[in-house]
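Heads up: the structure comes next, in structure tokens.
FYI, side chains are in, hydrogens and waters are out, and symmetry mates aren't considered; it's all heavy atoms of this structure. In what follows, chains are A, B, ... by sequence order, proteins preceding strands, each numbered from 1.
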Number of protein chains: 2
Amino acid sequence: MIAIGEAARQSGVGIETIRYYEREGIVPRPARAANNRRLYSAQDVGRLRFLKRCRDLGFSLGDAKALLDLSEGGAADCAEVSALAKGHMDSVRRKIAELQRLEAALGELTANCAEGSVDCPMLGRLRMA
Amino acid sequence: MIAIGEAARQSGVGIETIRYYEREGIVPRPARAANNRRLYSAQDVGRLRFLKRCRDLGFSLGDAKALLDLSEGGAADCAEVSALAKGHMDSVRRKIAELQRLEAALGELTANCAEGSVDCPMLGRLRMA
DNA sequence: GCTTGATCCTGTAGTGGCTACAGGATTTAT
DNA sequence: ATAAATCCTGTAGCCACTACAGGATCAAGC
């Protein structure tokens, strides 16, 4: 059993974030030492690492918790998992498309905006009626 | 001079958002009618539309305000504008790259996760030590 | 035993950029 | 006269943390 700082080091999840996850009920309350300090087991650290991986993959905290629950609950239902993952992939793809649209629009907008023009063409276009 | 609802309609910025912009000092305080209701000029609506365009292009509210200030302040300094825009484009490109990395990682993770496997391979990989 | 510094605790507030009320006043249309 | 729309101020909620304040405890060195 290790203290919260060590759990943070081993899992990659920040100390304050670990306490936040506990407050929010994302992870169960850990054991406590006689001095009231939190004590984490290897399984606790595993949960935190799992959550970290999900968050790094862009899953919302809610989805990450859902995946964690699926992972803990005996029958790891592949269908539910892949539904969540597919939904997330769709939203990632939508975001990519949106950003590419933005990139193109910004490119157009700044195209004539290099020389020290007195009346900046980009501002002009942003002002357009 | 029009009321806030009409200004919202003409600019595409929501009523609550307009009041928020005012509170935050993004736009100047508008005129007031005798009954204390806000009154917007065509120029006010132009500012709101300008901000809306910037936000739609993904600029932060701070950057949007900076662009608005540049646009208002006589000498529309093209260099400053294009520096802001280029910085933003860079961050958009970084976000795209990051999301594409995510998309690939998600694709790999879910690759074997279609059949009704008892031990979902995606969860297994998320659990990996 | 004493000091120093690291670590831990609880609780609260701030971030960005809105959005959604509550609770009331006024205006406009019927 | 009444109903519905619009407006006002002020506050709280959203996401997922992050950053304190103010204190308690612990470990290491002297």
Side-chain angles (χ1 to χ4, degrees), chain A residues 1-27 29-40 44-45 47-68 87-88 91-92 95 98 102, chain B residues 1-27 29-40 44-45 47-68 87-88 91-92 95 98 102:
Chain A
M1 300 289 252
I2 58 177
I4 196 171
E6 186 57 26
R9 241 163 273 131
Q10 288 183 21
S11 66
V13 179
I15 290 179
E16 311 266 17
T17 306
I18 293 177
R19 290 198 278 241
Y20 167 74
Y21 285 175
E22 182 185 334
R23 270 201 307 283
E24 295 298 304
I26 309 293
V27 294
R29 266 174 278 137
R32 293 277 185 154
N35 55 17
N36 196 36
R37 295 189 174 192
R38 291 169 178 82
L39 289 180
Y40 293 89
D44 288 329
V45 173
R47 267 188 214 110
L48 291 170
R49 219 172 4 224
F50 185 99
L51 289 172
K52 175 90 169 71
R53 292 219 178 90
C54 291
R55 297 290 297 125
D56 284 351
L57 286 165
F59 284 100
S60 73
L61 193 50
D63 280 359
K65 171 157 175 48
L67 288 170
L68 180 60
H88 181 46
S91 98
V92 168
K95 264 180 219 155
E98 170 71 8
L102 281 193
Chain B
M1 299 290 253
I2 57 178
I4 194 170
E6 186 56 28
R9 240 162 275 132
Q10 289 183 20
S11 66
V13 179
I15 290 179
E16 311 266 17
T17 304
I18 293 177
R19 290 198 279 242
Y20 167 75
Y21 286 174
E22 182 185 335
R23 271 202 306 284
E24 296 298 305
I26 308 294
V27 295
R29 264 173 280 137
R32 294 276 185 155
N35 56 15
N36 196 36
R37 296 190 172 191
R38 292 169 177 81
L39 288 179
Y40 294 87
D44 289 328
V45 173
R47 269 188 212 108
L48 291 170
R49 217 172 7 224
F50 185 99
L51 289 171
K52 175 93 170 64
R53 292 218 177 92
C54 292
R55 297 289 298 126
D56 283 351
L57 286 165
F59 285 100
S60 73
L61 192 51
D63 281 359
K65 171 158 175 47
L67 288 170
L68 179 60
H88 181 46
S91 97
V92 168
K95 264 180 219 154
E98 170 70 8
L102 281 192

Would a distance-only check, ignoring hydrogens and angles, find a side-chain to backbone donor-acceptor pair under 3.5 Å from A:His88 to A:Leu57?
yes
Looking only at the side chain of B:Asn35 (C-beta and beyond, no hydrogens), which of the listed nucleotides D:dT18, C:dC9, C:dT26 gets closest?
C:dT26
Among C:dC9, C:dT27, C:dT19, which nucleotide has an atom closest to any side-chain atom of A:Arg38?
C:dC9
Distance in angstrom units between A:Tyr40 OH and C:dC8 C1', rounded:
11 Å
Expressed as a whole number of angstroms, how long is the span from B:Tyr20:OH to C:dT15:C1'?
10 Å
May I ask you to say what A:Phe59 touches in the nucleic acid, namely base, sugar-phosphate or nothing, with a heavy-atom cut-off under 4.0 Å?
nothing
side-chain N/O B:Thr17 vs C:dT19 OP1/OP2, d < 4.0 Å:
yes
Could you tell me the separation between the CZ atom of B:Arg29 and the C1' atom of D:dC8, rounded to a whole number of Å?
16 Å
Side-chain donor or acceptor of B:Arg37 under 3.5 Å from a matching atom on the base of C:dT27?
no
Picking from D:dC17, C:dT26, D:dC8, the nucleotide nearest the side-chain atoms of B:Arg32 would be D:dC8
For the pair made of CD in A:Glu6 and P in D:dA27, what is the distance, rounded to whole Å?
14 Å
Going from CG on B:Leu51 to CG on B:Asp56, what distance comes out if it is rounded to the nearest 0.5 angstrom?
11.0 Å
In whole Å, what is the span from the CD1 atom of B:Ile18 to the C1' atom of D:dC7?
13 Å
If you compare every side-chain N and O of A:Ser60 against the phosphate oxygens of D:dC15 (OP1, OP2), does one of them come in below 4.0 Å?
no
For B:Leu39 and C:dT27, give me the distance from atom CG to atom C1', rounded to whole Å.
14 Å
Counting side-chain heavy atoms from CB outward, which of D:dC17, D:dT6, C:dT19 is closest to B:Glu16?
C:dT19
Less than 4.0 angstrom from a charged side-chain N to a carboxylate O is my criterion; do A:Glu6 and A:Arg9 meet it?
yes
In whole angstrom, give the distance that lies between atom CZ of A:Arg23 and atom P of C:dT10.
10 Å
Would a 4.5 Å heavy-atom cut-off, applied to side chains only, mark A:Lys65 and A:Glu24 as touching?
no
Counting only heavy atoms not in A:Arg32, do more than 12 fall under 6.0 Å of its CZ?
yes
Atom CG of B:Asn36 and atom C1' of C:dT27: how far apart are they, to the nearest Å?
14 Å
Between B:Tyr21 and C:dC18, is there a side-chain N or O to OP1/OP2 distance below 4.0 Å?
yes
Remember a base hit wins even if backbone is also touched, and classify A:Arg19 as base, sugar-phosphate or nothing at under 4.0 Å, heavy atoms.
base
